[in-house]
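Everything below concerns the one structure shown next.
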Amino acid sequence: MSIDSIIQEAVVKAVNELYGLNVEASSVCLQSTRKGIEGNLAVVVFPWVKAAKKSPEAVGNEIGEWLVKNEPSVVRFNTVKGFLNLVIRPTFWNSVLANIAATENYGKVAATENSPLVMVEYSSPNTNKPLHLGHVRNNLLGYSLAEILKACGNKVVKTNIVNDRGIHICKSMLAWKKWGNGATPESTGKKGDHLIGDFYVLFDKHYKAELKDLMARGMTEEEAEKASPLMQEAREMLRKWEQKDPEIRQLWEMMNSWVYAGFDETYKRMGVDFDKIYYESNTYLEGKEKVLEGLEKGIMYRKEDGSVWADLTDAGLDHKLLLRSDGTSVYMTQDIGTAKLRYQDYPIDKMIYVVGNEQNYHFQVLSLLLDRLGFKWGKDLVHFSYGMVELPEGKMKSREGTVVDADDLIDDMVNTAREVSKELGKLDGVSEEEAEKISETVGLGALKYFLLKVDPRKNMTFNPKESIDFNGNTGPFIQYTYARIKSVLRKAEENGIKFADYSNVEPNEKEISLIQTLSTFPSAVAEAGRSYSPALIANYTYELVKQYNQFYHDYSILREEDAAVRSLRLTLCKVTAEVIKTAMSLLGINVPERM
């Protein structure tokens with residue numbers, strides 16, 4: 001049992017005996033004692049002041065006296081306003097550490113048959129371009145969130161919806177047909193997703209030139225867009241695709257297969273995966289069917305031009321288009337179809353969509369529509385709405401080819417990691433193969449940590465140079481600390497140092513602080529799961545690593561002559577390393593054994 005649980009249960013008994021109140025242990029609010037005040041844990045006593053009919057100080061003192069008398073782990077206390085600060089018996093922390101060391105998968109809760117099934121959708125790429133920096137943040141957030149929810153005892157299904165149809169896909173297809181000269185990934189030596197992305201950019205270049213020419217002839221921009229022969233051809237291609245024209249479908253399948261092979265390579269390198277992938281080309285018809293079903297039930301209505309809409313004004317929203325007058329679907333229709341298929345495939349209890357905050361309104365509407373169409377989780381769907389990621393130079397635009405490509409970014413991060421590690425001597429004495437492995441681990445760790453340590457709801461600027469720093473709140477700093485701890489443990493083993501009983505050792509202030517931080521790891525994981533925030537895990541890990549480094553700097557470990565004290569410190573090293581590894585794995589980050 002954790003120290004928090006012990007104190008909470010003891011406070012429950014105290015409050016019952018002293019004031020006749022029956023309270024839940026989970027309602028007892030504990031905090032770390034503020035700096036400058038003696039104590040390890042602070043109990044917030046305000047909730048019982050009214051029932052006790054006494055001042056907060058008096059209530060704190062009465063509960064404190066009861067705990068000193070009845071709870072062996074509490075040696076003394078002080079009360080500051082409504083906060084009861086408890087000093088925990090120093091040797092008691094040894095049993096807390098021993099308990100952590102003996103706990104398998106510490107910090108994680110195993111799922112059971114009755115655990116809720118949570119589906120997390122992330123990535124959602126378009127097959128007309130490679131993954132870029134924005135996709136990287138999306139994938140890392142989605143993967144990390146899924147791992148955290150798993151660690152909180154949920155059953156989790158990681159899913160992806162691939163946007164493999166629509167006008168944007170036809171733009172790339174048309175450009176390849178017109179100007180591709182039969183180019184393939186093999187003939188060009190390019191990854192398939194990059195090759196298709198080039199044709200998307202090429203379409204836009206020709207389209208803009210066409211608009212410029214039409215406007216020079218006296219048309220307005222709107223008139224030019226309607227008159228554009230290139231855009232008309234792309235729309236015609238989409239119509240043919242929807243009519244299952246064999247030639248267009250064959251071209252579409254060939255080009256998409258190139259993109260999927262490219263995506264798979266990037267996903268693998270990024271370290272993200274999916275349990276199930278859905279494709280819009282399979283879901284949009286299901287969505288149309290569900291919308292027409294809603295039309296029959298009076299949930300939707302048809303306008304004179306044949307288009308189908310939903311009236312959401314009663315919920316404070318507007319009218320939402322679901323089928324165009326020509327019968328073609330919109331994104332919303334596709335999302336409804338995807339939801340239908342998912343609900344058939346899995347007994348979903350909660351659905352989480354990892355999508356940027358520019359889609360907030362879309363998901364408000366989707367939630368309402370799914371609820372009205374009878375999906376039990378529709379009303380409670382979660383839009384994990386995250387902020388945009390930019391570079392110091394500003395925004396990115398994929399049509400203009402100014403995006404930061406995910407593959408190029410990863411390559412740059414790994415190269416920078418190699419250069420920085422070399423300069424600092426971190427690769428001294430390791431083989432070329434091991435240096436390559438370390439550089440990959442550190443480069444990706446730097447990228448992932450930098451993107452995940454920020455509150456996901458905030459917009460952020462990604463600075464590659466700042467992210468690869470072996471000091472401060474960065475992935476490499478944490479990875480290096482882990483490697484340092486593993487080095488200490490290897491030396492202990494090489495020197496045949498045995499672990500002795502440390503239960504009677506009185507740990508010093510820094511050791512107690514480190515044990516206390518380690519003891520809060522399960523609650524940090526639970527809070528990250530509740531608030532859908534990988535940033536909480538990132539920042540917990542940074543605080544833990546900072547504390548470990550202070551302890552490492554101030555106290556001898558292997559040279560400590562007292563066997564019991566040395567064993568306490570080695571156990572602290574071992575447990576800290578395990579918690580770092582677990583925490584970083586929840587962020588999708590690997591840690592190197594040597595550095």
ask   = Going through the distances and angles, do Tyr279 and Asn163 end up as a side-chain hydrogen bond (donor to acceptor under 3.5 Å, both in side chains)?
value = CA-CA 6 Å; Tyr279 299 89; Asn163 306 306; over 6 Å; no
Side-chain touch Val420/Pro476, heavy atoms, less than 4.5 angstrom: no
| query | Given the rule in the side-chain hydrogen bond (donor to acceptor under 3.5 Å, both in side chains) test, do His383 and Asn357 qualify, once you have shown the distances and angles that lead to the verdict? | reply | CA-CA 9 Å; His383 172 207; Asn357 57 16; over 6 Å; no
Smallest heavy-atom separation, Leu323 atom then Gly327 atom, equals CD2-O, 3.9 Å
Mark yes or no: Arg137 above the aromatic ring of Tyr386, with NZ or CZ under 6.0 Å from the six-membered ring centre and no more than 45 degrees from the axis. no
* Is any side-chain heavy atom of Pro125 closer than 4.5 Å to a side-chain heavy atom of Tyr267? -> yes
Looking only at heavy atoms, the pair that brings Ser367 and Leu381 closest together is CA-CD2, 3.5 Å
Exercise. Check the pair Tyr361 / Asp318 against side-chain hydrogen bond (donor to acceptor under 3.5 Å, both in side chains), numbers first and verdict last.
Key: CA-CA 11 Å; Tyr361 181 75; Asp318 57 10; 2.3 Å; yes
field: More than 12 heavy atoms from other groups under 6.0 Å of CZ on Arg457
entry: yes
query = With side chains defined as the heavy atoms from C-beta onward, is the minimum distance between Val43 and Phe83 less than 4.5 Å?
reply = no
Using the ring of each side chain (for Trp, its six-membered ring), is Phe521 parallel, tilted or perpendicular to Tyr106, with breaks at 30° and 60°?
tilted
Quick test of your reading of the model: are Asp273 and Lys158 salt-bridged, counting only N-O distances below 4.0 Å? yes
When every non-hydrogen atom of Pro185 is compared with those of Gly192, the smallest separation belongs to CG-CA, 3.9 Å
Strictly below 4.0 Å, N to O, side chains only: are Glu147 and Lys150 in salt-bridge contact? yes
Does the plane of the ring in His319 sit parallel, tilted or perpendicular to the ring in Tyr301? Use 30° and 60° as the thresholds. perpendicular
To the nearest 0.5 Å, atom SG of Cys170 lies from atom CG of Leu238 at 4.5 Å
In short, Leu145 meets Val120 closest at the heavy-atom pair CD2-CG1, 4.4 Å
Charged N to carboxylate O below 4.0 Å: is that the case for Glu440 and Arg269? yes
Worksheet item: Any side-chain heavy-atom pair from Asp193 and Lys129 closer than 4.5 angstrom?
Response: no
Self-check item: Beyond-backbone contact of Asn160 with Glu121, side-chain heavy atoms, under 4.5 angstrom
Solution: no
Before you tell me yes or no, could you show the steps for Trp258 and Thr127 under side-chain contact (heavy atoms from CB on, under 4.5 Å), namely the whole-Å CA-CA distance, both residues' side-chain angles and the distance that decides it to 0.1 Å? CA-CA 9 Å; Trp258 298 343; Thr127 57; over 6 Å; no
- Which class fits the ring pair Tyr260 and Phe263: parallel under 30°, tilted 30 to 60°, perpendicular over 60°? tilted
Q.
Taking the cut-offs as 6.0 angstrom to the six-membered ring centre and 45 degrees off its axis, would you call Lys276 and Phe274 a cation-pi pair?
A. no
A side-chain contact here means heavy atoms from C-beta on lying under 4.5 Å apart; do Met584 and Tyr482 qualify? no
Across all chains, not counting sequence neighbours, the ring-ring contact (aromatic ring centres under 6.0 Å, His included) partners of Phe470 are none
Inset, instruction - Check the angle between the aromatic planes of Trp241 and Tyr284 and answer parallel, tilted or perpendicular using the 30° and 60° thresholds. - result: tilted
Scan side-chain atoms only and decide if Asn126 and Tyr200 contain a donor-acceptor pair under the 3.5 Å cut-off.
-> no
Taking every heavy atom of His135 against every heavy atom of Ser123, the minimum-distance pair comes out as CD2-O, 3.9 Å
Do Pro347 and Leu117 make a side-chain contact, defined as non-hydrogen atoms from C-beta onward lying under 4.5 Å apart? yes
NE2 of His362 to CG of Asp335, rounded to nearest 0.5 Å, is 4.0 Å
Only residue of Lys226, Glu225, Lys171 satisfying side chain to side chain contact (heavy atoms under 4.5 Å, CB included) with Met231 is Lys171
Those residues at least two apart in sequence (or on a different chain) that pass side chain to side chain contact (heavy atoms under 4.5 Å, CB included) with Arg324 are Leu321, Asp326, Thr328, Val330
Q. Once the angle between the rings of Tyr353 and Phe363 is folded into 0 to 90°, is it parallel (under 30°), tilted (30 to 60°) or perpendicular (over 60°)?
A. tilted
- Query: Does the side chain of Ser115 come under 3.5 Å of the side chain of Asn154 through a donor N or O and an acceptor N or O?
  - Reply: no
**Message:** Closer than 4.0 angstrom, basic N to acidic O: yes or no for Lys297 and Glu293?
**Reply:** yes
Checking Thr159 against Ile277 for the side-chain contact (heavy atoms from CB on, under 4.5 Å) test, could you report, in this order, the C-alpha distance in whole Å, the side-chain angles of both residues, the deciding distance, and whether it holds?
CA-CA 6 Å; Thr159 184; Ile277 297 180; over 6 Å; no
May I ask you to check whether over 12 heavy atoms, not counting those of Glu221, lie within 6.0 Å of atom CD?
-> no
- [ ] Could you give me the CA-CA distance, side-chain angles and deciding distance for Asp407 and Lys191, then say whether side-chain contact (heavy atoms from CB on, under 4.5 Å) is met?
- [x] CA-CA 10 Å; Asp407 296 314; Lys191 268 179 90 226; 2.6 Å; yes
d(Leu366 CG, Phe375 CZ) to nearest 0.5 Å is 9.5 Å
Test the Lys320-Trp309 pair against the cation-pi criterion, namely NZ or CZ under 6.0 angstrom from the six-membered ring centroid and within 45° of the ring axis.
-> no
ask   = Hey, mind stepping through Ser307 and Asp305 against side-chain hydrogen bond (donor to acceptor under 3.5 Å, both in side chains) and telling me if it holds?
value = CA-CA 6 Å; Ser307 57; Asp305 64 357; 2.6 Å; yes
- Query: What is the ring orientation for Phe450 with Phe462, classed by angle as parallel under 30°, tilted 30 to 60°, or perpendicular over 60°?
  - Reply: perpendicular
- Message: Can you confirm whether more than 12 heavy atoms, excluding those of Lys155, are under 6.0 Å from its NZ atom?
- Response: yes
Query raised in the report: Under 4.0 Å between a Lys/Arg side-chain N and an Asp/Glu carboxylate O for Asp264 and Lys268?
Result: no
### Message
Is it the case that atom CD in Glu222 sees more than 12 heavy atoms from other parts of the structure closer than 6.0 Å?
### Response
no
Side-chain donor-acceptor pair present, Thr283, Thr338, cut-off under 3.5 Å: yes
Fill in: Donor + acceptor pair across side chains of Thr474, Asp469 (<3.5 Å)
no
**Request:** Before giving the answer on side-chain contact (heavy atoms from CB on, under 4.5 Å), spell out for Val525 and Val109 the whole-Å C-alpha distance, their side-chain angles and the decisive distance to 0.1 Å.
**Result:** CA-CA 10 Å; Val525 174; Val109 177; over 6 Å; no
Heavy-atom nearest pair, Ala538 first then Leu452, reads CB-O, 4.3 Å
The side chain to side chain contact (heavy atoms under 4.5 Å, CB included) partners of Asn590 (sequence neighbours excluded) come to Thr441
| query | Going by an N to O cut-off under 4.0 Å, is there a salt bridge joining Lys546 and Glu543? | reply | yes
